Amino acid sequence: MRLVPALSIIGSLAVSVTSFQLSPSRMLRRAGRGTRRATMRMAGEGEFDYDLLIVGCGVGGHGAALHAVSNGLKTGIMTGGDVGGTCVNRGCVPSKALLAAAGRVRELQDTKHLSSLGIDVSDVEFDRQKIANHAANLAGNVKKNLEASLKGKGVDVLPEFGKLLGPHKVQAGSRTVTAKDIILAPGSVPFVPRGVEVDEKTVFTSDGGLQLQSIPEWVAIVGSGYIGLEFSDVFTALGSEVTFIEGLPRLMPGFDTEIGKMAERLLIRPRRIDYRTGVFAAEVTPGIPGEKPVTIKMIDADTKEHTETIEVDACMIATGRVPNTKNLGLEAVGVETDRPGFVPVDERMRVLTAKGGEVVPHLYCIGDANGVMMLAHAASAHGISAVENILGRPHAVNHNAIPAACFTHPEIAFVGMTEEVAKKKGEEEGFEVGKSISHFRANSKALAEGEADGIAKVLYRKDSEEILGVHIIGLHAADLIQECANAVAAGTTVRELSFMVHTHPTLSEVLDAAFKGAVGMAAH
């Protein structure tokens, strides 16, 4: 089974896309084609209920709807009662609220750090329920604002969950809605492995974890990707002991190896965290809070032999996400999904009959459901791109320029290739990979904050000086990475970046030092 790492819970709101370059004459032809398209729509008024119908109202569907209606398309969006989708209700937004509160607790409990700044704080107390309410209230407010923005722009908001009935037709409860073009944006759900019983109380996915129903004394987290790592940050700050259970040979397998090693030094070793690698949680049985522990039976990932059984107060399942496409009616339009249910698409987000198959006319799929890149801001980029193609303006998303971030303390962020992937590509294509590293400990702003741990690593081609990837671990890494993502999207070379002026004293100078180091310049 092909599973995508636990990325979807994270996400900044930055979108990096690239479009095809057209000559002036082709632009004129394209403009004319767009005019004819609009005329045809007006002439065929009444043939369809909508120019565009979007099934799913997460950030991908929401962005697509706003872009479509701003371009004159009569647009409807089917929410399935879940305006905002995973990101707003069970992902990016509430998780950041928990991380913000837990981060404050961690900072106030770090007496050594505070003392170095001349600050003395007495006992720190927190209210679990109020922290949980902060996350829930934030999600509710963002959800309300999203729905208001859709209605305010003239998008028809339909409460039903859509199911395809055939070309141009979608079931909405007891009625049928028709549209010239349809975008599928149903999102994803947590993946629960076989043998794991979830009650969302003592054994929970990220959905249950975000409710923060308790602060377990000892919690096991199955999976050490972004979701697991962020929740370990929350739980340890609030007093829990954490045990990671990872099926692969090393923790944080989705990270660049060098960054992963530093993350282990900063985020794992100093905290009440231990781990098992190379093992699967073959059986997980829920307990009863305060009465009966959760039982976890582990087996060797290779031999499948029993290795250990532990009893903990709670267990979080953070083993990735799978597409929410089971009840989408894809069989009605002849689409065969890729396991475990991803909808095959081409570079323009057009749905294919199967992987490598034919294009299904007037049908698009964006976001987690297509499995190309399971990030909230990638879904937003997909939605805009799909609408551009519907309007007759050819467009493809540059996924290599889309950043990702893990909102731990300190944060981790990256864009582009890992060092391992870059070197392999260099061997295959005959170029040498350059690497430049700068340290937060040499940055005045980081030193002023007393947060000097971390590095920025820039990977580039030595022949063309093209940026291949940037990886950051350190204070505000999630914000710093956007400059690098924009540079990758624009094709800016590392030499060009080395001559750009960065504000002093700011954390951005960590990147300035790395860019300069790549071309042999000294940074003061």
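What you see is a predicted model; the values in this text were computed from it and never measured. Because only heavy atoms are used, hydrogens play no part in the values below, and waters and symmetry mates are left out as well, while side chains stay in.
- Looking only at atom types and distance, the side chain of Thr418 has no donor-acceptor partner in the side chain of Asp256 under 3.5 Å away.
- Residue Ser380 holds its OG atom at 10.5 Å from CG of Leu375, rounded to the nearest 0.5 Å.
- Rounded to the nearest 0.5 Å, atoms CG (Asn400) and CG (Leu468) are 8.0 Å apart.
- The side-chain heavy atoms of Leu150 and Leu146, taken from C-beta on, include no pair separated by under 4.5 Å.
- The side-chain tip of Arg461 points at the ring of Phe431 from less than 6.0 angstrom away and within 45° of straight on.
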* **Audit row: His409, Glu107, side chain to side chain donor-acceptor pair (under 3.5 Å) steps and yes/no** => CA-CA 10 Å; His409 296 83; Glu107 290 171 5; 5.3 Å; no
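- With respect to the salt-bridge test (charged N to carboxylate O, under 4.0 angstrom), the residues Glu419 and Lys457 qualify.
- Residue Ala135 comes nearest to Ala97 through the heavy atom pair CA-CB, 3.6 Å, listed as atom of the first residue, atom of the second, then distance.
- Judged by distance alone, the side chain of Thr205 and the main-chain N or O of Asp207 form a donor-acceptor pair under 3.5 Å.
- Residue Glu258 holds its CD atom at 9.0 Å from CD of Glu420, rounded to the nearest 0.5 Å.
- Inspection of the His476 and Glu451 side chains reveals no N or O donor paired with an N or O acceptor under 3.5 Å.
- Taking each heavy atom of Arg276 and Val279 in turn, the nearest pair found is CB-CG2, 3.7 Å.
- Note on Lys423 versus Glu432: no salt bridge recorded, every NZ/NE/NH1/NH2 to OD/OE distance being 4.0 Å or above.
- Between Tyr226 and Phe255, the ring center distance clears the sub-6.0 Å criterion.
- A side-chain N or O of Arg106 and one of Thr236 form a donor-acceptor pair less than 3.5 Å apart.
- Looking only at side-chain heavy atoms (C-beta outward), Val510 and His439 stay at 4.5 Å or farther from each other.
- At least one side-chain heavy atom of Val345 sits less than 4.5 Å from a side-chain heavy atom of Asn370.
- No side-chain donor-acceptor contact under 3.5 Å links Tyr275 to the backbone of Glu246.
- Between the side chain of Asn89 and the main chain of Val83, a donor-acceptor pair closer than 3.5 Å is present.
- Heavy atoms only, all atoms of each residue included: Val387 and Ala68 are closest at CG1-CA, 3.8 Å.
- Not one N or O on the side chain of His113 forms a donor-acceptor pair closer than 3.5 Å with the backbone of Leu108.
- No option in Asp110, Val234, Leu238 other than Leu238 meets the side-chain contact (heavy atoms from CB on, under 4.5 Å) test with Val105.
- Side-chain contact between Ser188 and Val322: absent, with no pair of heavy atoms (C-beta onward) separated by less than 4.5 Å.
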* Kindly determine whether Arg321 and Thr86 satisfy side chain to side chain donor-acceptor pair (under 3.5 Å), including the steps that lead there. => CA-CA 11 Å; Arg321 301 182 66 85; Thr86 295; 3.1 Å; yes
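- With ring centers used as reference points, His382 lies 6.0 Å or more from His395.
- For the residue pair Ser444 and His504, no side-chain donor N or O sits within less than 3.5 Å of a side-chain acceptor on the partner.
- At least one donor-acceptor pair closer than 3.5 Å links the side chain of Ser224 to the backbone N or O of Met252.
- Checked by atom type and distance alone, the side chain of Thr408 never pairs as donor or acceptor with a backbone atom of Asp233 at under 3.5 Å.
- Looking only at atom types and distance, the side chain of Thr307 has no donor-acceptor partner in the side chain of Asp300 under 3.5 Å away.
- Residues Tyr460 and Ala518 come closest through the heavy atom pair OH-O, 3.0 Å.
- Leu475 is listed as a side-chain neighbour of Leu507, based on a closest heavy-atom distance under 4.5 Å.
- To the nearest 0.5 Å, atom CZ of residue Phe231 and atom CG of residue Leu98 are 6.5 Å apart.
- Taking a cutoff of 4.0 Å between a charged side-chain nitrogen and a carboxylate oxygen, Arg269 and Asp274 do not qualify as a salt bridge.
- Looking only at distances, a side-chain donor or acceptor of Asp346 sits under 3.5 Å from a matching main-chain atom of Arg350.
- Here the OG1-NZ distance, from Thr337 to Lys355, works out to 12.0 Å after rounding to the nearest 0.5 Å.
- Here the CD1 atom belonging to Ile412 is positioned 9.5 Å from the CD atom belonging to Glu230, to the nearest 0.5 angstrom.
- At distances below 3.5 Å, at least one donor-acceptor pair connects side-chain atoms of Lys516 with backbone N or O atoms of Ser498.
- For the pair Thr325 (side chain) and Gly341 (backbone), a donor-acceptor distance under 3.5 Å is present.
- The shortest non-hydrogen separation linking Ser206 to Pro190 is OG-CG, 4.3 Å.
- Using a 4.5 Å heavy-atom threshold, the side chains of Val351 and Val359 count as separate.
- A side-chain donor from one of His502 and Glu483 sits under 3.5 Å from a side-chain acceptor of the other.
- The backbone N or O of Lys424 sits nowhere less than 3.5 Å from a side-chain atom of Glu427 that would complete a donor-acceptor pair.
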